[in-house]
Amino acid sequence: MSFENRTYTAEVTPGESATIAGWVHEVRDLGGIAFLIVRDKTGKLQVKIEKDEMDEELVESSLDVARESVVSFTGDVKEEPRAPTDVELVPEEFELVAPADTELPLDPSGKVDAELPTRLDNRTLDLRKPEVKAIFEIRAEVLRAAREYFRSEGCTEINTPKIVATGTEGGTELFPISYFGEEAFMNQSPQLFKQLMAGSGLERVFEIGPIFRAEEHNTPRHLNEATSIDFEGTFCDHEDAMDVVEGIVVAAYEAVSENCEEQLEALDMADAFEVPEGGFPRLTYEEALDRINATGELDERLVYGDDLSTEAERALGEEIGSHYFIMDWPSEIKPFYIKDYDDDAETSTGFDLMHPSMELVSGGQREHRYDPLVEGFEQQGLDPDEFEYYTKMFKYGMPPHAGWGLGAERLVMTMLGLGNIREAVLFPRDRQRLSP
RNA sequence: GCCCGGGUGGUGUAGUGGCCCAUCAUACGACCCUGUCACGGUCGUGACGCGGGUUCAAAUCCCGCCUCGGGCGCCA
């Protein structure tokens, strides 16, 4: 068995001999003639089996394969207007490379739908459907575009620990683990580490990596293990950080629009796909409240100091209809490590980037002054000593800096209009699912 | 964490007390078919999550368990 000369189905040349290898998508046996559709990464190719004119053993063995078996055919590629792709392969050799059971746990040909849990239990088969494969090819393109944009912004990619001794800000639930008998946790955010690295000589850093949240939520937009796209930059204020995230989001959409035509086609959204224009509206928290109240969608008017409920976010998203920022939040509803305005201690530099349907990003300018930072820990009821590894670096020249974290799955989900965030992760971790 | 709704052949479904030894599609098996492209045709195999209860009678009603999905809170 050798696949050195294997040709992808999309790359066969009429008039030449070729060896193709892939999965049996379907067998259509019409009696004297049969068609076998072979699928690979690039597409599908029809193999013609003429029973009277071909080697009996080849006919028999090739028509005996079950769907989704892996096969290889060698033969002449012929131009044929009656074939689905205008070419077909007339085989001389056949090999059953890896057989498949006849009963499949889901149908990759898409004739019968499967529910999400069934699909997630059988992801390998699920990704044989072009529209599912397309999601992950697009996800890869989004991450590639993000990396490229960060580099064009002079950022260095870093990797920080996911096993940590303490949480980031205390609030969210962490997954406890045992670290050689010592209590440890899965990190909920690279927040503290990326700040430490911005304050090193690297200055502008980014990280794309997993974050872990032990919240027992059960919604189509939450995961217990997610991928966070994080940025932190020195001598930046929150508005500079907003510029960067806006650039990333637009760059990701542009890259998908330019390089994933086939995938968008598979998702049936080639025509509907729109690259958002930059210059996302930047609403202050108070403007946001006013606009939400003006919609009349909520039973109760929001007042200053209220956090935005899911319902409120949706009403505002519908009203605005595009990505938008909410900034100038009341300090009390933003984390303590986000800096307040120097001339207004009641207002935080924290911001959120919203897609009309949900929150995508949260960020802000960080508190870089040692004393207010340590006070912040104390006010949160956290022991500053536990975070000494972090706070002490603020004693050795920590420049002003700002940054944000962007949920990669939410970016992909909102970009493609997926109904469930689990669609944007190969092997999602949620309240009910730990395997596969 | 609080609340709501589901679990029927491999897959997706119909069925809300007797019409159900359970519908349809697809898959699977057998046979027929020389241009299919969701190929077609004939026949066939295959299922009520688990345990208890109510009833003359339970897929259907009740209780418990298991399991899945969703809404809110919180967040990326």
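Here is how names work: the chains are called A, B, and so on, in the same order as the sequence lines, proteins then strands, and each is numbered from 1.
A salt bridge between A/Glu88 and A/Lys48 is present, with a side-chain N of the basic residue lying under 4.0 Å from a carboxylate O of the acidic one. One finds a salt bridge joining A/Asp121 and A/Arg433 here, because a Lys/Arg side-chain nitrogen approaches an Asp/Glu carboxylate oxygen to under 4.0 Å. At a threshold of 4.0 Å, the pair A/Glu215-A/Arg431 does not count as salt-bridged, since none of the basic side-chain nitrogens sits closer than that to a carboxylate oxygen. The residues A/Arg410 and A/Glu359 are annotated as not salt-bridged, no charged nitrogen and carboxylate oxygen being separated by less than 4.0 angstrom. Between A/Lys339 and A/Asp237, none of the side-chain N atoms (NZ, or NE/NH1/NH2) sits under 4.0 Å from a carboxylate O, so this pair counts as no salt bridge.
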Under 3.5 Å, N/O pairs linking protein and nucleotides 66-71 of chain B:
residue, atom, partner, partner atom, Å
B/rC68, OP1, A/Gln432, O, 3.3
B/rC68, OP2, A/Gln432, OE1, 2.9
B/rG70, OP1, A/Asn420, ND2, 2.5
B/rG70, OP2, A/Arg422, NH1, 3.4
B/rG70, N7, A/Asn218, OD1, 2.8

Distances under 3.5 Å only, N/O to N/O: pair up the protein atoms with those of nucleotides 40-46 of chain B.
none

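Between A/His238 and A/Tyr341, the ring planes are perpendicular. Angles over 60° get that label, and only those under 30° would be called parallel.
Separating the CG atom of A/Leu411 from the P atom of B/rA76 is a distance of 15 Å, rounded to the nearest angstrom. Atom pair A/Asn224:CG and B/rA76:C1' shows a separation of 12 Å (rounding to whole Å applied). A/Leu36 has its CG atom 16 Å from the P atom of B/rC37, to the nearest Å. The interatomic distance linking A/Trp404 (CH2) with B/rA76 (C1') rounds to 12 Å, in whole Å. Rounded to whole angstrom, the span from the NE2 atom of A/His355 across to the C1' atom of B/rC75 amounts to 17 Å. Atom CZ in A/Arg128 sits roughly 16 Å away from atom C1' in B/rU11 (whole-Å rounding). Rounding to whole angstrom units, NZ of residue A/Lys111 and C1' of B/rC24 are separated by 17 Å. As a whole-Å value, the separation of A/Asp306 CG from B/rG73 C1' is 14 Å.
A gap of 28 Å separates the P atoms of B/rG69 and B/rC28, to the nearest Å. B/rA14 and B/rG7 have their P atoms separated by 9 Å, given to the nearest Å. Here, B/rG46 and B/rC24 have their C1' atoms 15 Å apart, quoted to the whole Å. Nucleotides B/rA25 and B/rG40, compared at atom P, are 12 Å apart to the nearest Å. When the C1' atom is used for both B/rU42 and B/rC68, the distance is 39 Å, rounded to whole Å. Taking atom P in both B/rU8 and B/rG49, the straight-line distance is 6 Å, to the nearest Å. With P as the reference atom, B/rU36 and B/rG71 are 46 Å apart, rounded to whole Å. Using atom C1' as the reference point in both B/rU13 and B/rA27, the two lie 14 Å apart (nearest Å).
Pairs passing the ring-ring contact (aromatic ring centres under 6.0 Å, His included) check and including a residue from residues 47-86 of chain A, sequence neighbours excluded, read A/Phe73-A/Phe94. Screening residues 290-319 of chain A for ring-ring contact (aromatic ring centres under 6.0 Å, His included), with sequence neighbours left out, gives A/Tyr285-A/Tyr304. The list of ring-ring contact (aromatic ring centres under 6.0 Å, His included) pairs with a residue in residues 23-61 of chain A, not counting sequence neighbours, is empty.
Within the nucleic acid shown, A/Ile211 has no heavy atom closer than 4.0 Å to any nucleic acid atom. Within the nucleic acid shown, A/Leu406 has no heavy atom closer than 4.0 Å to any nucleic acid atom. At the heavy-atom level, A/Ala226 lies under 4.0 Å from base atoms of the strands shown. Residue-level contact check: A/Ser109 touches neither bases nor backbone, having no heavy atom under 4.0 Å from any strand.
Of the two residues near RNA chain B, A/Thr118 and A/Phe35, the one whose nearest nucleotide lies more 5' is A/Thr118.
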Donor-acceptor contacts under 3.5 Å from residues 306-319 of chain A side chains, at least two apart:
residue, atom, partner, partner atom, Å
A/Asp306, OD2, A/Val303, N, 2.9
A/Ser309, OG, A/Ala312, N, 3.1

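For the residue pair A/Glu203 / A/Thr234, a side-chain donor-acceptor distance below 3.5 Å is found, with atom types taken as modelled. Under 3.5 Å, the side chains of A/Thr9 and A/Asp40 contain a donor-acceptor pair of N or O atoms. In this structure, a donor-acceptor pair under 3.5 Å is present between the side chains of A/His401 and A/Gln195. Neither side chain, A/Asp328 nor A/Thr347, offers a donor N or O lying under 3.5 Å from an acceptor on the other. Side-chain N/O atoms of A/Thr74 and A/Thr19 include a donor and acceptor closer than 3.5 Å. A side-chain donor from one of A/Glu207 and A/Thr160 sits under 3.5 Å from a side-chain acceptor of the other. In this model, a donor atom of one side chain and an acceptor atom of the other lie less than 3.5 Å apart for A/Thr227 and A/Glu409.
For the side-chain hydrogen bond (donor to acceptor under 3.5 Å, both in side chains) test, residues two or more places apart in sequence or in another chain that qualify with A/Glu148 are A/Arg144.
RNA chain B is contacted by no residue of residues 149-158 of chain A, taking any non-hydrogen atom closer than 4.0 Å. Contacts between residues 38-50 of chain A and RNA chain B, defined by a heavy-atom separation under 4.0 Å, are made by A/Gln46, A/Lys48, A/Glu50. The stretch residues 65-93 of chain A comes close to RNA chain B through A/Arg67, A/Glu80, A/Arg82, A/Ala83, A/Pro84, A/Glu88, each having a heavy atom under 4.0 Å from the strand. RNA chain B is contacted by no residue of residues 260-298 of chain A, taking any non-hydrogen atom closer than 4.0 Å.
No donor-acceptor contact under 3.5 Å links the side chain of A/His217 to the base of B/rC75.
Of all non-hydrogen atoms in A/Pro281 and A/Ser322, the two that sit nearest each other are CD-OG, 4.0 Å. Taking all atoms of both residues into account, the shortest heavy-atom contact from A/Met54 to A/Leu58 is SD-CD2, 4.4 Å. Nearest heavy atoms, A/Pro384 versus A/Leu382: CD-O, 3.2 Å.
Counting heavy atoms of neighbouring residues, nucleotides and ligands inside a 6.0 Å radius, atom CD of A/Glu274 does not exceed 12 of them.
Close to B/rA76, at under 4.0 Å from its OP1 or OP2, lies no side-chain N or O of A/Ser228.
Taking CD from A/Glu68 and CG from A/Asp107, the interatomic distance works out to 8.0 Å, rounded to the nearest 0.5 Å.
Remark: RNA chain B forms stems of 3 or more consecutive Watson-Crick or G-U wobble pairs, all pair distances under 3.5 Å, at B:1-7 with B:66-72, B:10-12 with B:24-26, B:28-32 with B:40-44, B:49-53 with B:61-65.
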